[in-house]
J.: 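Structure in structure tokens, see below.
Side chains included, hydrogens not; waters and symmetry mates left out as well; all remaining heavy atoms used.
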Amino acid sequence: MPASYSRVQVPAAAQVLSILRYLGTQAGPVGATAVARDLMLPRSTTYHLLAALVADGFAVHLPEERKYALGATAHELGTGYARQAPLQRIGRFPLRKLVARTRLTGHLAVLQGTDVIYVIEERAPNQLPLVTDAGIRLPAHRTASGRAMLAQMTDAQLRALYPEPETVRSVRAGGQALTALLHQIRDRGYAWEENEVTEGFSSIAVPVLDRTGHAVASVTLTAPNASPVDSGGLRGIDDLAAQWLPDVSKCAAEISRRLGAQSGTWQGAQQG
């Protein structure tokens, strides 16, 4: 367990990290005055810290513009993180614990355009293979995984992927338009699909958020539907959610925490 960290105990470190984070979230280079103003730092401190960051390559100074931007060393840190701790590595153990608790198959998926790509499949013991093996790509609007992430988007973000989302429909979901379905998902606090990916199986999903609150992945739990003679089996999405949604949410929250998210997983998109 790492030692507890207090911004009060190491203010200089906190200020440096704040500047790096600020530079990394800007659309382009920014001036020192803007950095000091937005972070509420003394101007002299800001200039000294920026000079130290430039000296070590974490920032670059553009003298013609009198502005600063992230430097090559910051980029190297980012690529080093991608090499050492990809989403698969971060998510595998929490997903494995979810599958062990529920004895159902779990997935971790990411969104790429209008598709989802399954990056991890943890198959439950004795469960039949599904089409959603790791590396498989499926239309996002047809899957619980994809819907969980799409429901986190604003209207503008959704229309960037689907110019006419009202015309995107799934026959298995009662023919609902994608916009109406995502509205229901936000109200319920989880996404679902029944028999739309693999016949005889249904899924529930919750998004995984990064430190900025964006959905970068989703955790999905898939269960076989109850057969007519299986009176003790799960009979629908409501039963699946009532029994296992807290566990799915806990798994997604743990992965989100490891990615730096500050609070719970499901927030719902701010529309507009």
Side-chain angles (χ1 to χ4, degrees), residues 86-111 116-136 138 140 142-152 172-173 184-209 215-259 261 263-268:
L87 189 59
Q88 292 96 319
R89 185 183 297 271
I90 290 174
R92 188 169 297 281
F93 184 67
L95 191 66
R96 190 170 291 166
K97 288 198 300 183
L98 172 66
V99 173
R101 283 196 304 271
T102 63
R103 300 186 68 80
L104 298 172
T105 295
H107 294 92
L108 186 71
V110 298
L111 190 67
V116 290
I117 299 176
Y118 294 90
V119 295
I120 303 177
E121 181 189 57
E122 285 288 337
R123 190 177 302 169
N126 304 317
Q127 184 158 308
L128 295 173
L130 304 174
V131 300
T132 47
D133 200 356
I136 296 296
L138 291 174
R142 289 184 50 199
T143 69
S145 299
R147 291 169 182 171
M149 290 180 277
L150 294 174
Q152 288 289 109
R172 290 293 184 95
Q184 289 185 16
I185 289 169
R186 295 183 190 108
D187 286 344
R188 288 198 188 192
Y190 67 92
W192 69 91
E193 62 84 15
E194 294 184 89
N195 300 304
E196 295 181 67
V197 176
T198 302
E199 187 69 34
F201 288 83
S202 298
S203 304
I204 57 174
V206 175
V208 171
L209 308 182
V216 294
S218 60
V219 171
T220 305
L221 195 68
T222 299
N225 299 334
S227 65
V229 296
D230 184 12
S231 59
L234 297 168
R235 304 190 174 205
I237 289 300
D238 290 341
D239 295 312
L240 183 59
Q243 187 166 1
W244 298 121
L245 180 59
D247 292 277
V248 177
S249 298
K250 181 179 179 181
C251 177
E254 172 61 16
I255 300 173
S256 298
R257 184 191 66 79
R258 295 182 181 203
L259 290 172
S263 58
T265 56
W266 190 273
Q267 295 179 358

J.: Taking D238 first and then R188, would you say they form a salt bridge - that is, a charged N and a carboxylate O separated by under 4.0 Å?
T.: yes
J.: Is there a side-chain contact between L108 and V219 (heavy atoms, below 4.5 Å)?
T.: yes
J.: For S202, what residues pass the side-chain hydrogen bond (donor to acceptor under 3.5 Å, both in side chains) criterion, not counting sequence neighbours?
T.: N225
J.: Do R142 and V197 touch side chain to side chain, with heavy atoms closer than 4.5 Å?
T.: no
J.: Hey, which of S256, P94, P246 is the one that makes side chain to side chain contact (heavy atoms under 4.5 Å, CB included) with C251?
T.: P94
J.: Counting only N and O atoms by type, is there a donor-acceptor contact under 3.5 Å from the side chain of R96 to the main-chain atoms of E122?
T.: no
J.: So, E254 and R258, do they make that salt bridge, N to O below 4.0 Å?
T.: yes
J.: Does any non-hydrogen side-chain atom of I136 lie less than 4.5 Å from one of E121?
T.: no
J.: Between CD1 of I204 and CD1 of I237, what distance do you get to the nearest 0.5 Å?
T.: 7.0 Å
J.: Do L87 and L259 have side-chain heavy atoms sitting under 4.5 Å apart?
T.: yes
J.: Could I get the full list of salt bridge (Lys or Arg N to Asp or Glu O under 4.0 Å) partners for R103, not counting sequence neighbours?
T.: none
J.: Which distance, rounded to the nearest 0.5 Å, do you find between the CZ of R92 and the CD1 of I255?
T.: 11.0 Å
J.: Do E193 and T143 have side-chain atoms, one donor and one acceptor, less than 3.5 Å apart?
T.: no
J.: Going by heavy atoms in the side chains, are L98 and W244 under 4.5 Å from each other?
T.: no
J.: State the CD1-OG1 distance between I120 and T220, to the nearest 0.5 angstrom.
T.: 11.5 Å
